[in-house]
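Below: the structure, in structure tokens.
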Number of protein chains: 2
Amino acid sequence: MADVKHFDPDTALDLAMRVFWRQGAAATGIQDIVDATGLNRSSLYATFGGKQQLYRAALDRYARDRSRTLLGPLEEDGRGLPAVHAFFERLVETRCTGEFARWGCMVSNAHAGGENGDPEVRAVLDRQHRRLRSALHAALVSAQRQRQLADGADPETAAEILALLAHGVNLRSRAGADAAALRATAAAAVDAVARPV
Amino acid sequence: MADVKHFDPDTALDLAMRVFWRQGAAATGIQDIVDATGLNRSSLYATFGGKQQLYRAALDRYARDRSRTLLGPLEEDGRGLPAVHAFFERLVETRCTGEFARWGCMVSNAHAGGENGDPEVRAVLDRQHRRLRSALHAALVSAQRQRQLADGADPETAAEILALLAHGVNLRSRAGADAAALRATAAAAVDAVARPV
DNA sequence: AGTATCTTGGAACAACCGTTCCAGGATAGC
DNA sequence: GCTATCCTGGAACGGTTGTTCCAAGATACT
């Protein structure tokens, strides 16, 4: 009965996540994880099971973190259109600072990379996309109820457009994009879909 | 004076491109290229120089092909807004058929993957994005000149929004997306940005 | 203190990575 | 038919991949 680890699995997962985030799953070796966490191979395998399972755990952790800080407020904000605007401002703000500016969004990266070959990874990706889409949809329906949308506007279509746009914003290579310009673009897009033909 | 290759470098590059497209650069081994092309390692290295240079050549070839069939018509179509609509219909159409449906767009994949660490790769990506953006911009300016846009519409912003949207459409993991729904979404987006506040 | 149980460090594994090398085959000019 | 030149096949390179194994260390209970 000496099942006390010499490290904190939670911090280790956090460090591992950062490596996968920066390099992608394919380009990351176990050695990189060992170097980053300071853990031993044995401990890694005993705790997380292997590279692929560790990547899954890291991606899941990232997705939940990101959902909490980005989607949570949108889901709880009942103001309608202003809530959507606030969401995109948060998105662009975080997108252009710190690790996001350098590495893009780990979920969006996984969407485009070979990582999505794994069904379990794909499940996380789908979950995240559905949650984004439905949060936007709910906010837009709320906006419609508060008469903030032009007559004939379709919350369904608008949510889909904005969800795709959010993915475009998240692309890694557009890291150098001007934050102010991106903010203006996103705001204009929200206004555009709110006042359709 | 026996500098006659026993194979066609062009077909070989095409086959290699398909492998890189499907698997990404990091997940593709030289062996995969050997299997796909039927060539020998020696011939590969003598002709293309190495893995990274081969990937660059493949990406460049893909980008040019795709530009020709997708962006070319947009650049030559002077109808304005209908040209933009036609572009997105072409985009969604190809996006939902054949290899594109299975593997996404090689350029968009590279945007999100570790591939864009290479400056030369990034150059190809930037070139492609600029061309997309400026083709959309030109078409929207033309639309404005033909009074197809609402007063106060900004072709600059609209082009940026639509370029981001195009990237979102191209994401690999959204492969199973319903073509008709995607078409409708894209069309609605074009109409939305054409008739702003 | 003794023992059982888990964790840790580090070596070792086979398989594969991108790349290089060289002998032998194929071709073109003489 | 000979020779010079390039191309091809395949072995081989050192390094790295993800994973496994085991002895040694650390802890908690009796």
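All of these numbers come straight from a predicted model, not from anything done at the bench. Reminder, nothing fancy here: chain letters follow the sequence lines and each chain counts from 1.
- Put simply, CZ on A:Phe7 is 9 Å from P on C:dT7, counting in whole angstrom units.
- We find that A:Arg122 and A:Asp126 are not joined by a salt bridge, their nearest charged nitrogen and carboxylate oxygen being 4.0 Å or further apart.
- Nucleotide D:dG25 holds its P atom 15 Å from the CG atom of A:Asn40, rounded to whole Å.
- With hydrogens and angles ignored, the 3.5 Å screen pairs no side-chain donor or acceptor of A:Ser142 with any backbone N or O of A:Ala138.
- Rounded to a whole Å, the CG atom of B:Asp8 is 15 Å from the C1' atom of D:dC7.
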Task: ring-ring contact (aromatic ring centres under 6.0 Å, His included) evaluation trace for B:Phe100 with B:Trp21 - done: CA-CA 9 Å; B:Phe100 291 90; B:Trp21 182 4; 4.9 Å; yes

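- For the pair A:Leu44 CG and C:dG10 P, the computed distance is 14 Å after rounding to whole Å.
- Not one N or O on the side chain of B:Gln146 forms a donor-acceptor pair closer than 3.5 Å with the backbone of B:Leu81.
- B:Thr47 contributes atom OG1, which lies 10.5 Å from atom CG of B:Leu13 (distance to the nearest 0.5 angstrom).
- The distance from atom CZ of B:Phe48 to atom C1' of D:dC7 is 14 Å, rounded to the nearest whole Å.
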- [ ] Assign a letter to each nucleotide of nucleotides 14-20 of chain C from its 5' end: B, base within under 4.0 Å of a protein heavy atom; S, sugar-phosphate only; -, no contact.
- [x] ---SSBB

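- Checking the phosphate oxygens (OP1, OP2) of C:dT7, no side-chain nitrogen or oxygen of A:Ser43 falls inside 4.0 Å.
- At distances below 3.5 Å, at least one donor-acceptor pair connects side-chain atoms of B:Thr94 with backbone N or O atoms of B:Leu91.
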